[in-house]
Amino acid sequence: MSTYTRIVLQERPGAGDITPTTFRTESLPLAGLAPNAGELLVQVHWLSLDPAMRGWLNDARSYVPPVQIGEVMRAAGLGTVVQAGEGAAFRAGDLVRGTFGWTEYAVMKAKAVEKIELPKGAELLDFLGPLGMSGMTAYFGLEDVGQLQPGETLVVSGAAGSVGSLVCQMGKKRGAKVVAIAGSPEKCAWLEREVGVDRALNYKDPQWKEEMKKVGWVDVYFDNVGGEMLDFLLTRLNKGARIALCGAISDYNRKPKGLTSYLALIGQRAKLQGFIVFDYADQFPKAMKEIAGWLADGSLKRKFHIVEGLENAPSALTMLFTGGNTGKLVVKVDHGAKSKL
Ligand SMILES: NC(=O)c1ccc[n+]([C@@H]2O[C@H](COP(=O)([O-])OP(=O)(O)OC[C@H]3O[C@@H](n4cnc5c(N)ncnc54)[C@H](OP(=O)(O)O)[C@@H]3O)[C@@H](O)[C@H]2O)c1
């Protein structure tokens with residue numbers, strides 16, 4: 001193969017949806033990619049699709065700089081080292097994870113790449129799921145921000161997604177009553193029958209708010225959705241409740257309209273706290289150890305929604321906003337041959 005494919009940001013989508021002209025595919029000579037000292041050439045096999053990627057397209061202040069026009073779209077991934085530059089403590093064939101972007105090959109600083117060692121019971125893709133950012137987000141959002149206690153009622157929105165389905169299970173493991181909110185009867189059935197929540201409610205069902213009222217007051221709300229759903233859950237808080245504001249996917253493609261029920265935070269002495277998973281990086285090993293234990297004993301369920309082909313990454317990203325995925329959405333980068341990974 002003499003060329004490789006990458007996908008770059010062509011134009012910002014503004015306050016609306018991603019469109020077919022948001023990204024552009026490019027083909028470049030592979031010979032132009034060579035690692036210098038301290039760098040690695042990585043062949044990318046799997047890419048993570050995350051709602052946060054929508055935010056990286058906006059020219060706005062955030063926890064990471066926006067992706068620039070003409071730059072490769074930022075994305076976390078899994079790959080193998082093809083060539084290691086002088087002084088890089090890696091060998092050809094090493095399995096690695098890093099922020100490789102939407103590309104078949106990437107030259108990376110070795111310091112920005114992490115070697116993967118598969119724990120017992122884990123598979124490679126788990127490093128984009130429970131052992132990756134989804135798992136870390138679920139774990140620290142629930143433990144540190146949610147401060148969930150045994151016997152409490154935990155409500156999780158976006159519950160059939162990557163982060164949400166892990167939060168639900170961690171909530172059960174910590175002894176909470178778990179109520180899941182998701183967008184279809186199939187997702188709710190999966191949550192109740194396989195993920196093991198106490199109750200799953202379909203927010204597209206007109207009766208769902210009435211059903212939620214029957215659940216009783218909420219101690220911890222792990223919010224992946226924001227917007228009107230957050231506004232409603234604010235009216236359902238128990239005294240001393242905590243809202244872990246993990247994400248607000250309902251507002252990523254539009255200008256948020258604002259909350260009308262926030263006064264409940266005063267009356268219920270409740271707390272609403274946003275967080276960013278990267279702030280817990282020094283504690284990731286602790287979480288990975290406990291999560292790896294659950295993978296080893298088979299008690300943690302996970303589902304991957306696999307889209308084949310790098311060229312399908314832009315259309316697959318929009319799936320996160322229409323609810324097309326159940327579990328972790330990933331892209332398998334094809335390389336023109338059946339990959340072992
Ligand atoms: N704070 C952090 O550090 C951090 C880190 C990682 C992720 N996050 C956030 O965590 C959330 C979940 O991320 P994920 O990777 O696990 O994605 P995901 O849940 O696997 O996928 C997104 C899901 O959101 C639901 N959704 C989309 N639009 C919606 C709407 N208008 N109303 C209600 N639900 C909607 C869809 O499911 P339905 O079919 O149920 O609608 C979709 O499947 C996102 O908000 C993300 O930004 C935050």
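Order of appearance sets the numbers: ligands from 1, and atoms from 1 within every ligand.
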Over 60° means perpendicular and under 30° means parallel, so classify the ring planes of Phe23 and Trp102, tilted if in between. tilted
What does the contact table look like for ligand 1 (nitrogen or oxygen on each side, cut-off under 3.5 Å)?
unit_1   : atom_1 : unit_2 : atom_2 : d
ligand 1 : 1 (N)  : Cys246 : O      : 2.9
ligand 1 : 1 (N)  : Phe275 : O      : 2.8
ligand 1 : 3 (O)  : Val277 : N      : 2.8
ligand 1 : 10 (O) : Asn224 : OD1    : 3.2
ligand 1 : 16 (O) : Ser162 : N      : 3.2
ligand 1 : 16 (O) : Val163 : N      : 2.7
ligand 1 : 20 (O) : Ser162 : N      : 2.9
ligand 1 : 20 (O) : Asn325 : ND2    : 2.9
ligand 1 : 21 (O) : Asn325 : ND2    : 3.4
ligand 1 : 34 (N) : Tyr203 : OH     : 3.2
ligand 1 : 37 (O) : Lys187 : NZ     : 3.3
ligand 1 : 39 (O) : Lys187 : NZ     : 2.6
ligand 1 : 40 (O) : Gly183 : N      : 2.8
ligand 1 : 41 (O) : Tyr203 : OH     : 2.5
ligand 1 : 43 (O) : Asn325 : OD1    : 2.6
ligand 1 : 45 (O) : Asn224 : O      : 2.9
ligand 1 : 45 (O) : Tyr252 : OH     : 3.3
ligand 1 : 47 (O) : Tyr252 : OH     : 2.8

Heavy atoms, side chains only, cut-off 4.5 Å: are Met288 and Gln283 in contact? no
Are Leu49 and Val72 connected in the hydrophobic side-chain network, where two residues link if heavy atoms are under 4.5 Å apart? no
Taking it one step at a time, do Phe232 and Trp208 satisfy ring pair (Phe, Tyr, Trp, His ring centres under 6.0 Å)? CA-CA 11 Å; Phe232 171 64; Trp208 86 273; 5.3 Å; yes
Does the distance from a Lys or Arg side-chain N to an Asp or Glu carboxylate O, for Glu290 and Lys173, drop under 4.0 Å? no
Under a 4.0 Å threshold between the charged nitrogen and the carboxylate oxygen, would Lys177 count as salt-bridged to Asp198? no
